[in-house]
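Report on one structure; see the data block that follows.
Lettering of chains follows the sequences in order, A, B, ..., and the numbering in each one begins at 1. On a predicted model such as this, the values are computed, not experimentally measured, just so you know.
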Amino acid sequence: MTIAAQIKIAAEQALKSLFPQADIQPSQITVNQTKPEFKGDYTVVLFPFVKSLRMKPDELGKQLGDYLVANNELFTSYAIVSGFLNLTIKDSYWANFLTATYNNTSFGVKEKNNKKVMVEYSSPNTNKPLHFGHMRNIFLGYAMSNVLKTNGYDVVKANLINDRGIHICKSMIAWMRYANGATPESTGIKGDHLVGDYYVKFNDIYKEEVAKLVAEGVAEATAEKEAPIMKEAQELLRKWEAGDKEVYSLWEKMNGWVYEGFDKSYKRLGVDFDKMYYESNTYLLGKSLVEEGLKKGVLFKKEDGSVWIDLTADGLDQKLLLRSDGTSVYMTQDLGTAQLKYNDCGGLEQSIYVIADEQNYHMQVLKLILQKMGEPCADGIYHLSYGMVELPSGRMKSREGTVVDADDMMDEMASMAKQQTEEAGKTEGFTQEELDKLYTTIGMGALKFYLLRVDPKKKMIFNPKESIDLHGFTATFIQYAHARICSILRKENMPLVPAKDTFASFKLTQDITPAEKKLAVSLEQYPSILENAATEYNPSLLCNYCFALAQQFNSFYDEHSISKAENEEKKQLRLMLIVMTAQVLRHAMNLLGIALPEKM
RNA sequence: GGUCCGGUAGCUCAGUUGGAUAGAGCAUCAGCCUUCUAAGCUGAGGGUCAUUGGUUCGAAUCCAAUCCGGAUCACCA
């Protein structure tokens, strides 16, 4: 149990025993970390009880403080400052904590809870390469999957690939018209980029054709519908849906190129999936669900044959589920896919969708419809909604080529890491191979951290002209702290994870210094941070935590020598502290997909 | 117009069920490498927490209204 939870229980027990007549609710007891300007480690807020107990805060604090110090081994002393009871925890508590957990590589990891969770993330369209916005989605989904795993869940990482529809037909038609059979092999262009180039080409031609029609006196709206290349794309889609062999094989070929490209990108990004869904397989799903919904009376049919659900009572609108010609819409297939996912896994405790906030309404409706239909998959649906990544000029538009490409960005980050490492003169003692690996580690770390450190639901603006920083609140800062620790351990001939009995002779006889204690206190909080990250679906909590921990380490490092500590006891204590700091940093950052080098 | 989300230092962001004098990073300025990695540390300046009212011992946090920004409300995906 965390120290904060122990204090809460102790305070509750103390209040109940001091004031048996009073009605003390656990929810009234707040335990916070004591502000640095005051003496103490943890604070109990006294105000909630002064009224019912008819006591002044100071008087209550004195009784409670006396009781706690007398009856509980955790506390050595207390101080009351304007209504706050500041408790000081015994040094031996922190020492015991360290000796018990310094080499526990699964500190904070919960036991399996036998609950299955699916996390769907990435879910790209197959008409263009991945861009900066996708990376936010991908890192979030991957990190969230890991966070849930450490919290005991059995996690299935899923990717729903939007491989069909008008968008891919646009790339196909442009390729047919202008590519002269160009392939990734013949051009040396990565498959997803090649297909993306023709998507851009389509839009260029489309614009030209519309402009030409408008110049000929056609109304703009009509021109947009009548542009030959658009009509060809639509014709291609019809043929695809009719199962035209030629169209189908071109579609397979071009999608294949894209998948090869995606695979490379995913590998570089360091993410993977347990299950792939393809819309070409799922887009007809959901119709039977709609039939059922009609029978149950949850849905209704309009005169023209279209099927709807009325959500006006829930403050929403009417939503179409089947067109009047009986064909399905996006929502229809999503209903089916939700059910498919659930059945595939033999039931799901939660089904998490990592999707941008532009689809908040869609996801709300999806869940609501399934709930109204009484589908078992409904209640577990959770939309992990994140804000879009925008440029200073506004949203990225792949049609207009203003996107920041994922592959380019990764290259740039690595070269920035290279440049700054060389400038700092830190390349000595590395082979070229090690250096290249280091640049990747630093560059990818900075990129991932940059996208994960912000609360997911907030939109973020990325200015490509201002490069991503490698100083301050960054992965580099944390990596550096880790490398420093590793450097000390190397000099001490100590492995990163020392054996259980390494500090068997340790015995606490001296006071723990403030800098030492700060580290211990932060380390002790890791499990609860990990838990919060899961319950709040927010990996950025781990970024904040790791940065604060690294910061505390740096101050500690500046203030105290480890190798040349005042005496053997201090040396052992500090070694335990830094071993565990490195261990926790590695663990947390690994969940975010960020590696920490041992040397940099 | 309806619904949802956001508004905190010049910029980018924290702020855990309401708790102490609202915190980091970047940028600016001033210090710190004969000592375990200075990608670091210490310090300074910088705030009407969008506005107004309410709830109470106490509000950046909860409620209401208003202002600003964004998303969304298709027989599109």
Compare every heavy atom of A:K426 with every heavy atom of A:Y480, then report the nearest pair and how far apart it is.
CE1-NZ, 3.6 Å

Taking the same atom, C1', in B:rU8 and in B:rG23, what whole-Å distance lies between them?
10 Å

What residues, two or more places apart in sequence or in another chain, satisfy side chain to side chain donor-acceptor pair (under 3.5 Å) together with A:N151?
none

Can you name the ring-ring contact (aromatic ring centres under 6.0 Å, His included) partners of A:F553, sequence neighbours left out?
A:Y557

Using a 90° cut-off around 0 for syn, call B:rC33 syn or anti.
syn

How are the rings of A:F84 and A:F47 set relative to one another: parallel (under 30°), tilted (30 to 60°) or perpendicular (over 60°)?
perpendicular

Just to verify, what does A:Y361 make a ring-ring contact (aromatic ring centres under 6.0 Å, His included) with, not counting sequence neighbours?
none

Pick the P atom in B:rA65 and in B:rU42, then give their distance to the nearest Å.
46 Å

Under 4.0 angstrom, heavy atoms only, what part of the nucleic acid is A:D325 near: base, sugar-phosphate, or nothing?
nothing

Stems in RNA chain B: runs of 3 or more consecutive Watson-Crick or G-U pairs, distances under 3.5 Å?
B:1-7 with B:67-73, B:10-13 with B:23-26, B:28-32 with B:40-44, B:50-54 with B:62-66

Reading nucleotides 22-31 of chain B 5' to 3', which nucleotides get B (base under 4.0 Å from a protein heavy atom), which S (sugar-phosphate only), which -?
--SSS-----

Quick one, A:N255 with A:T126, criterion side chain to side chain donor-acceptor pair (under 3.5 Å). Give me CA distance, side-chain angles, the key distance, then yes/no.
CA-CA 6 Å; A:N255 271 343; A:T126 55; 2.9 Å; yes

Tightest non-hydrogen contact, residues A:T43 and A:T34, listed as OG1-OG1, 2.7 Å

P spacing across the pair B:rG25 / B:rG40, given as an integer number of angstrom
10 Å

Backbone N or O of A:S328 within a donor-acceptor pair of the A:R323 side chain at under 3.5 Å?
yes

Mind checking if A:D314 touches a base, just sugar-phosphate, or nothing, with heavy atoms under 4.0 Å?
nothing

Check salt bridge (Lys or Arg N to Asp or Glu O under 4.0 Å) between A:E12 and all other residues, then give those that pass, not counting sequence neighbours.
A:K16

Base, sugar-phosphate, or nothing for A:T421, non-hydrogen atoms under 4.0 angstrom?
base

Answer with base, sugar-phosphate or nothing: what part of the nucleic acid does A:K564 contact at a heavy-atom distance below 4.0 Å?
sugar-phosphate

Touch check for A:K426, heavy atoms < 4.0 angstrom, all strands: base, sugar-phosphate only, or nothing?
base

So what does A:N162 hit on the nucleic acid, given a heavy-atom distance under 4.0 Å: a base, only sugar-phosphate, or nothing?
sugar-phosphate

